[in-house]
Amino acid sequence: MSARSEPVLSVEDLSVRISGLHILQGVSFTVAPSGVTVLLGRNGVGKTTTLRAILGLTPPAGEVRGSIRMGAQSLLARPTHRLVRGGLGYVPEDRDVFAGLTVAENLRLAERRGTTPAYDKVFALFPELDRRGRQRAGSLSGGQQQMLSIGRVLLNDNRLLLIDEPTKGLAPKVVTEVAEVLERVAESVPVLLVEQNLAVVRRLARDAVVLAAGKVAWTGDARELLLETALTKSLLGVGTGEAHRPTGADRAAVAGKDAG
């Protein structure tokens, strides 16, 4: 296997127990060095737990076993702040903006020491963040908070982005905007994405990993999965047209990809 084709992330036999619950049970998959790999599954199968385990955010009382490697480097037992400094970016499901601070202050807190933050890139992707620099983050809409959460990560160079349900709860127009940004981001940095909106998955993802009952139930080409309605129904509990019943904006979210 050439260096160019080697995965940016390798997860092998990952098991996670939290509060006596065996949430992940021998999960193994890889993330390609480019593009978007999507992590799919019904609610409660361990998708967010997988991302948090990769980033070292499993609760202290939890038990994590297996292997997680980014390139040749083992990530297990390394503190989260060192993983972030090493180029692992994370956009959590709940956005985690500092509500009492301004947009500009939220961004400044994300700057990594010894690096030049890429404000030009962030403001080119999200010009509204520039315009709202003095506004408190807690007064932003859900979509604007999501833009801020993504923008904080993009200030710095990353080897891999972990992004957890970026379109959850957003208005259809904002779903399209977020999908467009992630498509551009994935041109320069690989992404491991958790996403329930299958229209967005169809637009963005090249590879798919499906979890079921804490185990990997399927891996392969994301578009091939979405073409198999019966398979999607059995693995995800929905048909390709049932997750987030498509609106005009959802159709627009995939239109750009299909037009290419």
Side-chain angles (χ1 to χ4, degrees), residues 1-2 4-11 27-43 45-48 50-51 54 89 91 93 125 146 150 158-168 170 172-213 215-260:
M1 180 181 292
S2 68
R4 181 174 297 179
S5 63
E6 290 179 359
V8 66
L9 183 79
S10 299
V11 177
V27 167
S28 298
F29 65 91
T30 60
V31 176
S34 62
V36 175
T37 299
V38 66
L39 192 60
L40 297 169
R42 304 177 191 229
N43 290 334
V45 298
K47 302 184 298 295
T48 293
T50 300
L51 296 191
I54 292 168
V91 179
E93 178 183 1
L125 291 170
Q146 186 63 289
I150 296 172
N158 294 284
R159 296 172 60 191
L160 173 66
L161 295 181
L162 311 177
I163 304 180
D164 196 354
E165 297 212 38
T167 70
K168 181 180 179 181
L170 300 184
K173 180 181 178 181
V174 183
V175 169
T176 302
E177 293 173 355
V178 170
E180 289 173 349
V181 167
L182 293 180
E183 188 172 30
R184 293 170 62 184
V185 168
E187 293 174 356
S188 58
V189 59
V191 175
L192 177 59
L193 173 71
V194 172
E195 179 57 68
Q196 297 283 9
N197 188 322
L198 296 189
V200 174
V201 170
R202 184 167 179 255
R203 173 172 182 164
L204 297 179
R206 182 176 64 194
D207 303 307
V209 179
V210 183
L211 298 183
K215 300 178 181 179
V216 173
W218 190 92
T219 61
D221 184 276
R223 288 210 164 190
E224 288 184 9
L225 172 64
L226 297 183
L227 286 173
E228 296 290 341
T229 303
L231 181 61
T232 306
K233 182 79 172 180
S234 67
L235 291 173
L236 307 180
V238 295
T240 55
E242 296 177 37
H244 295 255
R245 183 73 64 180
T247 64
D250 285 332
R251 286 189 288 271
V254 301
K257 193 71 172 179
D258 290 342

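When reading the values below, keep in mind they use all heavy atoms of this one structure, side chains included, and skip hydrogens, waters and symmetry mates.
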Stepwise side chain to side chain contact (heavy atoms under 4.5 Å, CB included) test for L192 and F29:
CA-CA 11 Å; L192 177 59; F29 65 91; 4.1 Å; yes
Would you call [X] and [Y] a side-chain contact if the rule is heavy atoms closer than 4.5 Å?
| X | Y | value |
| --- | --- | --- |
| T30 | L9 | no |
| K233 | E228 | no |
| E6 | P33 | no |
| T50 | L39 | yes |
| L236 | L198 | yes |
| P166 | L182 | yes |
| V31 | P7 | no |

Among residues at least two apart in sequence or on other chains, which ones pass side-chain contact (heavy atoms from CB on, under 4.5 Å) with [X]?
| X | answer |
| --- | --- |
| V185 | L125, L154, L161, V181, V189 |
| A212 | A217 |
| R42 | V45 |

Excluding sequence neighbours, so at least two apart, what forms side-chain hydrogen bond (donor to acceptor under 3.5 Å, both in side chains) with [X]?
| X | result |
| --- | --- |
| S234 | none |
| R206 | S34 |
| S10 | none |
| D207 | none |

Between T167 and Q146 the two heavy atoms that sit nearest each other are N-NE2, 4.4 Å
- Item | Which atom of V8 lies closest to which atom of A32, heavy atoms considered |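 In terms of heavy atoms, the two residues are closest at CG1-O, 3.5 Å.
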The salt bridge (Lys or Arg N to Asp or Glu O under 4.0 Å) partners of E177 (sequence neighbours excluded) come to none
Subject >> Worked verdict on L170 versus V178 for side chain to side chain contact (heavy atoms under 4.5 Å, CB included) >> reply: CA-CA 9 Å; L170 300 184; V178 170; 3.9 Å; yes
Main-chain N/O of [Y] paired with [X] side-chain donor or acceptor, under 3.5 Å:
| X | Y | answer |
| --- | --- | --- |
| D221 | R223 | yes |
| E165 | E195 | no |
| T232 | L225 | yes |
| K47 | L40 | no |

- Item | I54 side, atom CD1; L160 side, atom CG - distance, nearest 0.5 Å |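 Here the interatomic distance stands at 7.5 Å.
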Rounded to the nearest 0.5 Å, the CD1 atom of I163 sits from the CD atom of E93 at a distance of 13.5 Å
Give the intermediate values and the outcome of side chain to side chain contact (heavy atoms under 4.5 Å, CB included) for residues V36 and E183. CA-CA 8 Å; V36 175; E183 188 172 30; over 6 Å; no
Practice item. Could you walk me through whether V194 and V38 pass the side chain to side chain contact (heavy atoms under 4.5 Å, CB included) test, one step at a time? Key: CA-CA 6 Å; V194 172; V38 66; over 6 Å; no
Which of V209, L211, L235 passes side-chain contact (heavy atoms from CB on, under 4.5 Å) with W218? It is L235
